[in-house]
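Here's the structure we're looking at; comments come further down.
Chain letters run A, B, ... following the sequence lines, proteins first, then strands; residues in each count from 1. What you see below is based on every heavy atom in this structure, not just the backbone, and it leaves out hydrogens, waters and symmetry mates.
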Protein chains: 2
Amino acid sequence: MASIKDIAARTGLSLATISRVFNDSPKVSAKTRQKVLKVAAELHYVPNIGAAALRSGKSRVIGVLIPEINNHFFGEVVTGIEKKMKNWGYNIIISQTHESSDLELEMLESFMKLNVDGIIISTTKEPTDPTIFKKLKDKKVPVVFFDRLPPVHSHSSVILDDHEGGQIATQHLIDQGCKHIVHIAGDKNVSIFQQRQRGFEDALRLNNHPFDSHQIFELTTDTKSNKKLIQKLLTDHPDIDGFFAHGDYYALYVMDILKSLNVDIPNKIKIVGFGNTDFTDHLQPSLTTVDQNCHQMGQLTAETLMKHIESDEIIHSKQVLTPKLVVRDSSN
Amino acid sequence: MASIKDIAARTGLSLATISRVFNDSPKVSAKTRQKVLKVAAELHYVPNIGAAALRSGKSRVIGVLIPEINNHFFGEVVTGIEKKMKNWGYNIIISQTHESSDLELEMLESFMKLNVDGIIISTTKEPTDPTIFKKLKDKKVPVVFFDRLPPVHSHSSVILDDHEGGQIATQHLIDQGCKHIVHIAGDKNVSIFQQRQRGFEDALRLNNHPFDSHQIFELTTDTKSNKKLIQKLLTDHPDIDGFFAHGDYYALYVMDILKSLNVDIPNKIKIVGFGNTDFTDHLQPSLTTVDQNCHQMGQLTAETLMKHIESDEIIHSKQVLTPKLVVRDSSN
DNA sequence: ACTTTTTTTGTAAACGTTAACAGTGGGTAA
DNA sequence: TTACCCACTGTTAACGTTTACAAAAAAAGT
């Protein structure tokens, strides 16, 4: 395992010079640079960035912590982050919490041990003990949140305007002639889901639509029973003519049930989802949904983190992206 | 940023003793251990595993390289790997190649720089320059492949019996009475897709079914034109009564088209996919598919890597998992 | 030729940890 | 008493880099 020392011996130069070559220092002559590079190639030299990190205090690694890797939205955001970070010469390490705040804590500590230069995180549904975030702040580890934030924090964040998303989705259904719309709501603990619901309610209000509590349909964690409950809802209220689900998967549930009841979509009932998940375009009928602009969110998050890494100034920013309605057959 | 040096100063003990406490060395008295742990907590000590890695040569980090994070199969496998590795006290870092062999190379080199203790990889579709694998071998970095292997290599691997998968899927269709089955084939460069196709062909042969070249339907990279081509296939051969797709997504394509043509599934045409992707259970009708046992594959891969890490013996193993048919409404 | 400046190179200490080796001191056996 | 073992603790030199500082060499100015 060749090191900088071996190259120094082979070239007759000092450690410092070799180091400078690999750090693209301007203060080394072209001739020596060439010589060093040549010898380095011969020895199959691979820089030990761990050692460099130890000495310099900068690991050039940033940690990304998300609830679930296997989720279209998070996957796309991560890809956006990755792209930007690689340009800046940073490695990213991805970990998932599986929605467990214990795991979240554990992984964040793991990040600290690995001496990451920064952390990007979208929190779990169950709120995490905020002390860890304070700890990170004390240690001056730059942190940026995206999409899901803890209820109280003092870091930068990049989020989607979920309220707007709920609103445009609902407004679209109203514009298409729906009179009796039901919202399939998400977990109460997650602020983005609350926002989508508020967007829904506000849209109804703005259009002077009546509103009754059954129009907020709350989900359980059991997917099978959800199905049954939705089914019951439909028989209880046969004049329902629109659904806005807080997530594409739940829109799929509804569609599934409606199809089995031979309901005409979109003529009798129209459906709008949320997320623009990849399968939505392949359904029959294809699903109208709200696009979250994942990629852009990833890039913006990465940029924000970089700003924090580069300057020690503690300027917290709150950036809000606007969602976009993607109209497809299920509502048209 | 407290280090063991600070703890040593505070407790009056030596560096070695502190280090021993954090390495669970048996040769340290209960009393001192307590004292050290107490002071460590007070100072908010976080071990610097980078420094430990530098000194010991073991980073306790393993690199996982997959084509796409946002893919149900890979996501699940990674979760399996993660679970096992955490038990062993290892961190995993996940990177994606986006099917680019250039990126694959880059990420592998990145892993080497980070001094990972081992690498788990599922290769890209385009074959990668095999010299990198030789290099890893020379550096004695343990490597285990899963699911997708390079054509030639000398490392351990864990794969699915894709041939078997193709066969049981096809046999199932035959058992259900299908006489004219078409296989939606995958990328010719990927051996697992070849295997699935061979399983299909062998099943036909075993049952003395006729076979014509149009029964292998080759996909392009453009999803829109795929759809059109499938449509044409159906009009050219109206007596087709079964489809076996090499992936669930393509099964969905077919279902989509059939539905728009008002074909009765499964009574007129039956469909089987591959992958047991999460959406398959939510389709209408739900999709029969082949389960790849992702989780088990992940765990097995992790175990195999651990064996390589722990013993220097170079015993290459080839482990093959058996797929399982999940029968649902699309073929029943 | 002789400073002075600029460019290039070298020296050496540090980063936080580990581990081989060398103590220390109390207890037991001779 | 001495010798020896044991459980525990300490000393110290690494691991592969970076970086302030010092030094030398080259270039430029007089």
Side-chain angles (χ1 to χ4, degrees), chain A residues 1-37 39-40 43-61 89 91 109-117 139-141, chain B residues 1-37 39-40 43-61 89 91 112-117 139-140:
Chain A
M1 216 27 129
S3 79
I4 222 179
K5 216 180 265 181
D6 302 309
I7 303 182
R10 197 90 144 216
T11 55
L13 291 161
S14 72
L15 294 185
T17 305
I18 315 295
S19 172
R20 279 191 273 257
V21 169
F22 291 107
N23 291 315
D24 301 311
S25 163
K27 27 167 72 178
V28 52
S29 74
K31 232 179 303 172
T32 42
R33 163 164 286 128
Q34 295 265 298
K35 190 167 26 163
V36 169
L37 257 24
V39 173
L43 297 178
H44 299 112
Y45 168 68
V46 178
N48 181 329
I49 71 175
L54 175 59
R55 172 58 228 241
S56 66
K58 309 265 103 208
S59 63
R60 294 193 87 72
V61 169
N91 281 80
E109 284 178 340
S110 190
F111 282 172
M112 292 182 73
K113 286 187 208 160
L114 287 166
N115 261 321
V116 295
D117 285 350
K139 296 243 176 196
K140 298 203 190 311
V141 183
Chain B
M1 217 26 126
S3 76
I4 61 173
K5 216 180 265 179
D6 302 309
I7 304 182
R10 198 90 143 215
T11 56
L13 292 161
S14 72
L15 293 186
T17 305
I18 316 295
S19 172
R20 279 191 273 256
V21 169
F22 290 107
N23 290 315
D24 300 312
S25 163
K27 28 167 72 178
V28 51
S29 74
K31 231 179 305 173
T32 40
R33 163 163 288 129
Q34 296 264 298
K35 188 167 29 164
V36 169
L37 256 23
V39 174
L43 297 178
H44 298 113
Y45 169 67
V46 178
N48 182 328
I49 72 175
L54 176 59
R55 171 59 227 240
S56 67
K58 310 265 102 205
S59 63
R60 294 194 87 73
V61 170
N91 282 79
M112 292 183 71
K113 285 187 209 160
L114 287 166
N115 262 320
V116 296
D117 285 350
K139 295 244 178 195
K140 299 205 189 309

Any N/O pairs under 3.5 Å between the protein and nucleotides 22-26 of chain D? List them or say none.
none

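Atom CE of B:Met1 and atom NZ of A:Lys140 lie 10.5 Å apart (nearest 0.5 Å). A:Leu13 CG to A:Ser19 OG: the interatomic distance, rounded to the nearest 0.5 Å, is 12.5 Å.
The closest side-chain heavy-atom distance from A:Leu114 to B:Val61 is below 4.5 Å. For the pair A:Val36 and A:Arg20, the minimum side-chain heavy-atom distance is 4.5 Å or more. Proximity of A:Leu37 to A:Phe22: side-chain heavy atoms (C-beta onward) are separated by under 4.5 Å at one or more points.
Atom P of nucleotide D:dT17 and atom CE of A:Met1 are separated by 10 Å, given to the nearest angstrom. If you measure from atom NZ of B:Lys35 to atom P of D:dC8, you get 14 Å, rounded to the nearest angstrom. D:dG16 atom P lies 14 Å from atom CG of A:Leu43, rounded to whole Å.
Note on the helix from C:dA1-D:dT30 to C:dA30-D:dT1: angle between the axes of the first and last five pairs equals 50°, rounded to 10 degrees.
Listed by chain and residue number, B:Thr17 satisfy the side-chain hydrogen bond (donor to acceptor under 3.5 Å, both in side chains) test with B:Ser14 (two or more places apart in sequence, or in another chain). Residues that satisfy the side chain to side chain contact (heavy atoms under 4.5 Å, CB included) test with A:Leu43, not counting sequence neighbours, are A:Ala2, A:Asp6, A:Ile7, A:Arg10, A:Val39. For B:Gln34, the side chain to side chain contact (heavy atoms under 4.5 Å, CB included) test picks out no residue, with sequence neighbours left out. Take A:Ser110 and apply the side-chain hydrogen bond (donor to acceptor under 3.5 Å, both in side chains) test, not counting sequence neighbours, and it matches B:Asn91. Take B:Lys31 and apply the side chain to side chain contact (heavy atoms under 4.5 Å, CB included) test, not counting sequence neighbours, and it matches B:Ser29. Partners of B:Asn48 under the side chain to side chain contact (heavy atoms under 4.5 Å, CB included) rule, at least two apart in sequence or in another chain, are A:Leu54, A:Asn115, B:Ala51. Every residue two or more places apart in sequence or in another chain was checked for a side-chain hydrogen bond (donor to acceptor under 3.5 Å, both in side chains) with A:Ser3, and none qualifies.
Of all the residues in residues 11-27 of chain A, A:Leu15, A:Ala16, A:Ser19, A:Asn23 reach under 4.0 Å from DNA chain D with at least one non-hydrogen atom.
Contact check, B:Ser29 against D:dT9: a side-chain N or O comes under 4.0 Å of OP1 or OP2.
The backbone N or O of A:Arg60 sits less than 3.5 Å from a side-chain atom of A:Asp117, completing a donor-acceptor pair.
In this model, a side-chain donor or acceptor of A:Arg55 finds a partner on the base of D:dT18 within 3.5 Å.
Here the range on DNA chain C touched by chain B, meaning any atom under 4.0 Å from one of its heavy atoms, is C:dC15 to C:dA19.
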